**Student:** 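Here it is, the structure in full.
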Protein chains: 2
Amino acid sequence: MQDVARAVGVSPMTVSRAFRNDASVSDKTREAVRQAAEAMGYVFDSTASTLRSQRTGFVAVTIPSINNANFAETVRGLSEALKPQGLQILLGTTDYDIQNEEELIEQLLRRRPEAIVVTGGKHTERARRLLENAAIPVIETWDLPDRPLGHVVGFSNAAAVGMTVDHLVAHGATRIAFIGGDADRDTRGTDRRLGFIAAMQRHGLDATRLIAAGAPPISMREGARAMARLLETLPDTQAVICVSDLSAFGSLSECQRRGVAVPGQIAIAGFGDYEIAGTCVPALTTVNPFPHEIGRRAAEVIAAALATPGLPPQRAAITPGLIARDSTG
Amino acid sequence: MQDVARAVGVSPMTVSRAFRNDASVSDKTREAVRQAAEAMGYVFDSTASTLRSQRTGFVAVTIPSINNANFAETVRGLSEALKPQGLQILLGTTDYDIQNEEELIEQLLRRRPEAIVVTGGKHTERARRLLENAAIPVIETWDLPDRPLGHVVGFSNAAAVGMTVDHLVAHGATRIAFIGGDADRDTRGTDRRLGFIAAMQRHGLDATRLIAAGAPPISMREGARAMARLLETLPDTQAVICVSDLSAFGSLSECQRRGVAVPGQIAIAGFGDYEIAGTCVPALTTVNPFPHEIGRRAAEVIAAALATPGLPPQRAAITPGLIARDSTG
DNA sequence: GGGGCTGATGTTATCGTTCCCGTCGACTGA
DNA sequence: TCAGTCGACGGGAACGATAACATCAGCCCC
């Protein structure tokens, strides 16, 4: 910066102001600085700026996996809404493991983000302490935790599956199964399974047709295997709810391979409204949790919290939308 | 750090060393420092460390979209291989636009990454200048550029589609179409279209059956629409190659809706070996570009370049694998 | 004409670490 | 016993920007 200042014939302070689009620099000086910097190949150094100003411009975000269209949409919604605020996303993945999440959160906090967005409401005790001590806005998403750490932008996974159960029951199904992962590592998947059981019991129906299909998150392949097992062990099942559209599509493909009519012999519903659900034949009934909207709303909460330091914890409950399609008649 | 030092009764320098796992600190002192820090809720500040040591621990990565399983796999491969080296990914998306890429690259370079990985080999002139001036290892991926900026870990998109053409021709097809986007924004999609034309001409076949299906990247929906158009305008087409598996699946679903037999009446091939290609019925013939491997290899190049400052530009050409499945007979 | 104001710029100290160099005590071997 | 070596630790300066305050010319208005 000194070199640029020398070249233009001003002080480093003026160069600094020119780069920040600060008010009191004349347009002529600003332009001269920009040109000199461009010619010299100077690129502004955020790391030093960060130290003195105590503003990193980072918002830390943790998601279970980058390879998931739903979480990707949330990140995109966040990113779009944070960019105009001059905030950049620092992304990390937990691989669906709260122990990894703890380590990741510490790594991210070392970078001094101005806010942090985490997926889910379940964390290790140390992770909770780290987040509470960080003295920055914390937003939990994709869940409605009982004991929130700060702000919340999410929905009830259990209620979302409850809507699907209601839909199937309204269409006359009584023998309904649930396909999901076989461990509680994916906490949202677990919530959906519990939501299934609760809704079935609410309808006075048998809630024991549970197919566990391997380590979560289960995908198309595991969905297909689970459907094979379901058709063999519980052939009188009328409908099945899958933990996500990916496993639902896997289930559908298995039915096609076996010549089982969908929805004639068995109805299939998924979760997430992935693009495939609206494209495949028959199109899949699913629930849209509005992942992009979650990201957008989370960014709004961040903006509000940074503008108003003492802002009380916000709680934005999003209502997922049931999308009835051909796969459930 | 001073507070921690006072609490333990040592100098800040010793605390610093303890946190860096530096050699000359006794185990006892190190443990005392860790405990005091944990108790006081102190979290190491990378921003200051970065400034003094001139090491950020960042590797910048640009991808066209976060919502794409192929690029996500590359990021995962990078991330897994960089973590043991103490390097963290700073991710940005270009939305398939080299103007956005230029802006993004500048933003990222301000953070002083130790290396930068970009997707593709086409950039604006200013982006090229920025990358050349940055004096850090640059790795271009997902392409084999003629005029590389530095290191390359990629494959020929044109050759990959050429393999698919050869496969279809070997199965007796002569009237072959290509479905892709209608603009050159997605440079890899464009390369695949050009590769299709070149391969068809090499076989002495008509290379004019090109369906343009909207702004790239085209997805399932656009693939379905494109197939509808193809079936209406060129009904004697025997086989179609889609720019990706997503549009290929959309095409397949359109055939299913119309009762067109795949591969009986028309064969379909895609690109990318997305999970759906192996799951759907019939399973899709596709090409696997080994995206995870690209990420892993790129991380290896980074490690080598950081260890050996004068390292000559590396060029790792990956050979994509054709995966013949039922959709092409 | 002088006090007050405004816009453009400069000076000094500082953000929280780490580099560089130095100190000090303990141990070792002849 | 003592020079030499080594491991553990401390003091001061510096990384590259910016916050806070100071300066100064020009202008306005009574």
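Just so it is clear, the structure is predicted and the values come from calculations on it, not from any experiment. Within every chain, numbering begins at 1; the chains are lettered A, B, ... in the order of the sequence lines, protein sequences first and strands thereafter.
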**Student:** Among dC19(C), dA17(D), dT17(C), which nucleotide sits nearest the side chain of Met1(B)?
**Tutor:**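 So the side chain of Met1(B) is nearest to dT17(C).
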
**Student:** When you get a sec, tell me which of dT17(C), dG12(D), dG16(D) is the closest nucleotide to the side chain of Ala48(A)?
**Tutor:** dG16(D)

**Student:** Expressed in angstrom and rounded to an integer, what is the separation of Lys28(B) atom NZ from dG7(D) atom P?
**Tutor:**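 Distance, rounded to whole Å: 18 Å.
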
**Student:** Any ion pair linking Asp3(B) and Arg6(B) (charged N to carboxylate O, less than 4.0 Å)?
**Tutor:**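 Counted as a salt bridge, because a side-chain N and a carboxylate O are separated by less than 4.0 Å.
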
**Student:** Rounding to an integer number of Å, can you tell me how far Arg30(B) CZ sits from dA8(D) P?
**Tutor:** 9 Å

**Student:** Between Glu300(B) and Arg296(B), does at least one N-O distance fall below 4.0 Å, as a salt bridge requires?
**Tutor:**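 Salt bridge: yes.
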
**Student:** Return the value, rounded to whole Å, for the distance between atom CZ of Phe19(B) and atom P of dC9(D).
**Tutor:** 15 Å

**Student:** Establish, with yes or no, whether the OP1 or OP2 oxygen of dG10(D) is under 4.0 angstrom from a side-chain nitrogen or oxygen of Ser11(B).
**Tutor:**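 It does, given that an N or O in the side chain of Ser11(B) lies less than 4.0 Å from OP1 or OP2 of dG10(D).
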
**Student:** Would you please confirm or rule out a distance under 4.0 Å between OP1 or OP2 of dA17(D) and any side-chain N or O of Ser46(A)?
**Tutor:** no

**Student:** Arg110(A) CZ to dT18(C) C1': how many Å, rounded?
**Tutor:** 15 Å

**Student:** Is Glu80(B) paired with Arg76(B) through a side-chain N to carboxylate O contact shorter than 4.0 Å?
**Tutor:**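 Looking at Glu80(B) together with Arg76(B), the answer is yes, because their closest N to O distance falls below 4.0 Å.
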
**Student:** With nearest nucleotide decided by heavy atoms, which residue, Ser53(B) or Thr14(B), maps closer to the 5′ end of DNA chain D?
**Tutor:** Thr14(B)

**Student:** What distance separates Ile116(A) CD1 from Leu131(A) CG, expressed to the nearest 0.5 Å?
**Tutor:**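 Ile116(A) atom CD1 to Leu131(A) atom CG measures 5.5 Å (nearest 0.5 Å).
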
**Student:** Identify whether any heavy atom of Thr29(B) sits under 4.0 Å from a base atom; if not, whether one sits that close to sugar-phosphate; answer base, sugar-phosphate or nothing.
**Tutor:** sugar-phosphate

**Student:** Report yes if a side-chain nitrogen or oxygen of Tyr42(A) is closer than 4.0 Å to either non-bridging phosphate oxygen (OP1 or OP2) of dG16(D); otherwise report no.
**Tutor:** no

**Student:** Provide, to the nearest angstrom, the distance between the CZ atom belonging to Arg6(A) and the C1' atom belonging to dG10(C).
**Tutor:** 16 Å

**Student:** Could you give the CZ-to-C1' distance, from Phe44(A) to dG16(D), as a whole number of Å?
**Tutor:**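 Nearest whole value for this atom pair: 9 Å.
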
**Student:** Tell me, please, whether Phe58(A) has Arg111(B) positioned over its six-membered ring: NZ or CZ under 6.0 Å from the ring centre and within 45 degrees of its axis?
**Tutor:**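 So Arg111(B) does make the cation-pi contact.
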
**Student:** Grab the CZ-P distance between Arg20(B) and dT17(C) for me, whole Å please.
**Tutor:** 11 Å

**Student:** Just to confirm, is there a sub-4.0 Å distance from OP1 or OP2 of dG16(D) to any side-chain nitrogen or oxygen of Gln54(B)?
**Tutor:**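 So the side chain of Gln54(B) is within the cut-off, an N or O lying under 4.0 Å from OP1 or OP2 of dG16(D).
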
**Student:** Establish whether the base of dG10(D) is bridged to the side chain of Arg17(B) by a donor-acceptor pair shorter than 3.5 Å.
**Tutor:** yes

**Student:** Are OP1 or OP2 of dT18(C) and a side-chain N or O of Ser49(B) less than 4.0 angstrom apart?
**Tutor:**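 Looking at the OP1 and OP2 atoms of dT18(C), one of them is under 4.0 Å from a side-chain N or O of Ser49(B).
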
**Student:** Quick one: on DNA chain D, does Asp45(A) or Pro12(B) contact a more 5' nucleotide (nearest heavy atom)?
**Tutor:**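 First, find each residue's nearest nucleotide; the 5'-ward one identifies Pro12(B).
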
**Student:** Measure CZ/Arg52(A) against P/dT14(C) and give the value in whole Å, please.
**Tutor:**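 Going from Arg52(A) (CZ) to dT14(C) (P), I get 9 Å.
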
